[in-house]
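Written out below as structure tokens is the structure these notes cover.
Lettering follows sequence order; numbering is per chain, from 1.
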Protein chains: 2
Amino acid sequence: MVDPITVLAEPVRRRILDELRVTECSVGSLVDALAMSQPAVSKHLKVLREAGFVSSRTAAQQRIYRLEPEPFRALERWLAPYRRLWGTHLDALERHLEES
Amino acid sequence: MVDPITVLAEPVRRRILDELRVTECSVGSLVDALAMSQPAVSKHLKVLREAGFVSSRTAAQQRIYRLEPEPFRALERWLAPYRRLWGTHLDALERHLEES
DNA sequence: CTTGTAAATGCCTGATCGGTTATATAACGT
DNA sequence: ACGTTATATAACCGATCAGGCATTTACAAG
């Protein structure tokens with residue numbers, strides 16, 4: 001599985017990305033945050049890693065995962081031609097509303 | 001299945017959207033373009049329709065499908081917080097390169 | 001080198017999903 | 001009303017995938 005969009009189809013994987021958006025995380029803290037078995041989380045992390053969404057570094061026995069930008073950019077590139085069809089862009093007001 | 005990203009995970013559905021990005025299409029012309037059985041295409045169209053990506057109007061015996069913007073906007077809204085992490089935006093140069 | 005902790009991997013199962021064939025519905029012309 | 005064209009739906013099959021449990025690997029402390 002290498003296609004970014006396919007990887008994002010899994011809701012749990014999006015929750016993982018949401019967590020990592022706040023801070024980088026060890027596998028254990030993701031297990032706590034998601035209330036899910038450790039093997040399940042590790043499996044999702046493997047998929048995310050192979051698709052480039054996350055990278056990991058070793059810290060003692062822990063593996064610390066963090067977000068990587070490239071697949072998100074790829075998603076934007078895919079989306080761009082559609083956005084251009086309707087001049088859909090997030091303007092300042094929309095951006096402000098999102099942040100609340 | 002209602003989640004836009006899950007709907008887009010299917011490669012054939014993205015090809016359908018690619019076709020509809022050029023012009024609105026009847027089911028039959030999509031069948032030709034995709035070289036795929038009519039029931040398969042109709043099934044994908046149903047999923048796309050229920051997720052709001054496309055709408056259809058009746059013209060004689062044909063059903064003409066066309067793109068609808070809202071789910072794409074939803075995708076952008078989901079993507080926005082990540083984009084903000086790296087200031088990832090498509091600038092004029094990138095936009096130009098895409099068009100080639 | 002043993003013990004303990006953290007994470008990854010292997011195997012199995014149940015559910016989901018895409019494709020096919022066959023059939024039903026819808027709209028048109030005669 | 002009948003036959004024809006265009007599309008939708010139903011029933012079935014095979015493949016894929018997420019989750020669970022058990023096991024293994026990686027690393028550190030004693």
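- Note on Q62(B): only backbone sugar-phosphate atoms sit closer than 4.0 angstrom, heavy atoms only; bases stay farther off.
- Within 4.0 Å (heavy atoms only), V41(B) reaches no atom of the nucleic acid at all.
- The side chain of P39(B) lies closest to dA8(D), out of dA8(D), dA7(C), dC27(D).
- Neither OP1 nor OP2 of dA6(D) sits under 4.0 Å from any side-chain N or O of Y65(B).
- The phosphate of dA18(D) has OP1 or OP2 within less than 4.0 Å of a side-chain N or O from R13(A).
- Of the two residues near DNA chain D, S26(B) and E10(A), the one whose nearest nucleotide lies more 5' is S26(B).
- In this structure, F72(A) and W86(B) have tilted ring planes: the angle between them lies in the 30° to 60° band.
- Of all nucleotides listed (dG20(D), dG18(C), dA8(D)), dG18(C) comes nearest to the side chain of K43(B).
- Salt bridge E68(A)/R49(A): absent, no basic N to carboxylate O contact under 4.0 Å.
- Looking at Q38(A), its side chain comes within 3.5 Å of the base of dA8(C) through a donor and an acceptor atom.
- Residue T58(A) places its side chain closer to dC27(D) than to any other of dG20(D), dT21(C), dC27(D).
- Out of dT9(C), dA26(D), dG18(C), the shortest distance to the side chain of H44(B) is found at dG18(C).
- Nearest nucleotide to the side chain of A60(B), out of dC28(C), dA8(D), dA18(D): dC28(C).
- Comparing dA10(D), dA6(D), dC21(D) by their closest approach to the side chain of Q61(B) singles out dA6(D).
- Salt bridge R15(B)/D18(B): absent, no basic N to carboxylate O contact under 4.0 Å.
- The phosphate of dG20(D) (OP1 or OP2) has a side-chain N or O of S37(A) nearer than 4.0 angstrom.
- Of the candidate nucleotides dA8(D), dA8(C), dC28(C), dA8(D) has the atom nearest to the side chain of V27(B).
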